[in-house]
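Predicted model, so just to flag it, every value in this text is computed and none were measured. Numbers here simply count residues along the sequence, with the first being 1. First listed ligand is number 1; within each ligand, the first listed atom is number 1.
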Amino acid sequence: MNKIVIPSTHPRANSLLIRERLIEHFAKGIVSDAGLFAHGRGEAFDYLLGERTTENALVAVTAAAAALLTGKHPVISANGNAAALGAEGIVKLAKVTGALIEVNLFYRSAQRERAIERLLKSAGAQKVYGVNQAASARIAEIGGERRRVDPRGILKADVVLVPLEDGDRAEALAKMGKKVITIDLNPLSRTAQFATITIVDNIVRALPALAIAAEQLSKKRQNRLKRIQSDFDNKKNLSEAIRLINNRLSKLAKNGTYISIH
Ligand code: ATP
Ligand code: MG
């Protein structure tokens with residue numbers, strides 16, 4: 001595959017580098033073709049948000065870190081896009097919070113599962129759940145291969161982080177009574193709406209922010225962590241994210257330019 005050189009002075013260098021990383025991991029069999037489309041959807045919302053981590057996202061990051069730290073059995077779910085863009089962040093967050101890491105794919109394939117496991121292990125993961133036969137349990141609400149999970153992982157988790165997740169599965173996990181945390185740039189997606197805590201941010205920024213927040217909060221008492229969660233209102237936070245996009249677009253529409261406004 002020909003690798004393109006992206007000059008660091010290019011105004012959209014970061015976005016292009018992320019895109020290249022996904023294409024590279026697509027060629028390695030980690031990202032699915034549908035994963036590339038999903039990324040395009042995310043990118044569009046990142047553009048609208050100004051490609052930055054908002055205060056609004058940070059509020060959700062803090063609540064999510066508190067939820068992972070107070071969980072009895074927290075699990076971080078990794079699909080192809082999440083592993084390609086955030087393997088190191090996933091491993092770091094798992095270490096800080098004591099969460100397990102499980103491969104959980106919309107389009108399951110033994111090869112892709114193994115490739116994602118290898119990538120996570122090369123980023124430092126000791127154990128990766130949900131690979132091949134290990135995903136022997138079924139979630140009742142969803143059909144086909146998409147319902148398979150690891151009985152030691154997501155099935156018995158009380159808190160699950162499912163970044164870039166599909167709406168059906170997020171809904172099913174929430175119906176099972178789990179605290180569902182997601183990272184999703186689209187505040188209107190079904191996943192964003194069904195989750196208990198939605199971080200409206202790009203996974204490349206949100207995962208490191210989550211690991212830092214978890215590290216800081218790990219020294220706090222359980223009561224304080226519980227209060228952070230009960231003070232958090234996902235519906236309100238999502239409304240705020242939509243309002244941010246709305247206000248930003250209104251400003252852009254007034255000025256008729258994108259370049260100078262952030
Ligand atoms: P839903 O099933 O939740 O209604 P969907 O069908 O549009 O949403 P999926 O492919 O099921 O989308 O899920 C992928 C989600 O991840 C999308 O909402 C997309 O905006 C988001 N996404 C893609 N790339 C990123 C990224 N880099 N960071 C954060 N979110 C992203
Ligand atoms: Mg979907």
Inset, instruction - Answer yes if the side chains of Glu165 and Ser77 hold a donor-acceptor pair under 3.5 Å, and no otherwise. - result: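 Not at all, the side chains of Glu165 and Ser77 share no donor-acceptor pair under 3.5 Å.
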Legend entry - Side-chain donor-acceptor pair present, Asp184, Thr191, cut-off under 3.5 Å: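 Checked: Asp184/Thr191 side chains show no N/O donor-acceptor pair below 3.5 Å.
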Legend entry - Total protein N/O/S atoms whose distance from the Mg ion (ligand 2) is less than 2.8 Å: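 For the Mg ion (ligand 2), the figure is 1.
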Inset, instruction - Using distance alone, decide if ligand 1 has a nitrogen or oxygen within less than 3.5 Å of any nitrogen or oxygen in Phe45. - result: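 N/O-N/O distance below 3.5 Å does not exist for this pair.
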Inset, instruction - Could you say whether the N/O atoms of Ile203 and ligand 1 ever approach to under 3.5 Å? - result: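 Among all N and O atoms of Ile203, at least one is under 3.5 Å from an N or O of ligand 1.
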Legend entry - Atoms of ligand 1 close to Thr191 [distance to a heavy atom under 4.0 angstrom, numbered from 1]: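 Near Thr191, meaning under 4.0 Å from one of its heavy atoms, ligand 1 has 3 (O).
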Touching ligand 1 at all, [X]? Heavy atoms, strictly under 4.0 Å?
{"X": "Gln193", "value": "no"}
{"X": "Asp184", "value": "yes"}
{"X": "Asp168", "value": "no"}

Legend entry - Location of contacts on Asp201 toward ligand 1, heavy atoms closer than 4.0 Å: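 The answer is the backbone of Asp201.
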Inset, instruction - May I ask you to identify the nearest protein heavy atom to atom 27 (N) of ligand 1, giving residue, atom name and distance to one decimal place in Å? - result: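 Minimum-distance protein heavy atom for atom 27 (N) of ligand 1 reads Asn202 OD1, 3.0 Å.
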Inset, instruction - Pick whichever of Glu165, Arg169, His39, Arg41 has a heavy atom sitting closest to atom 7 (O) of ligand 1. - result: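 The residue whose heavy atom sits nearest atom 7 (O) of ligand 1 is Arg41.
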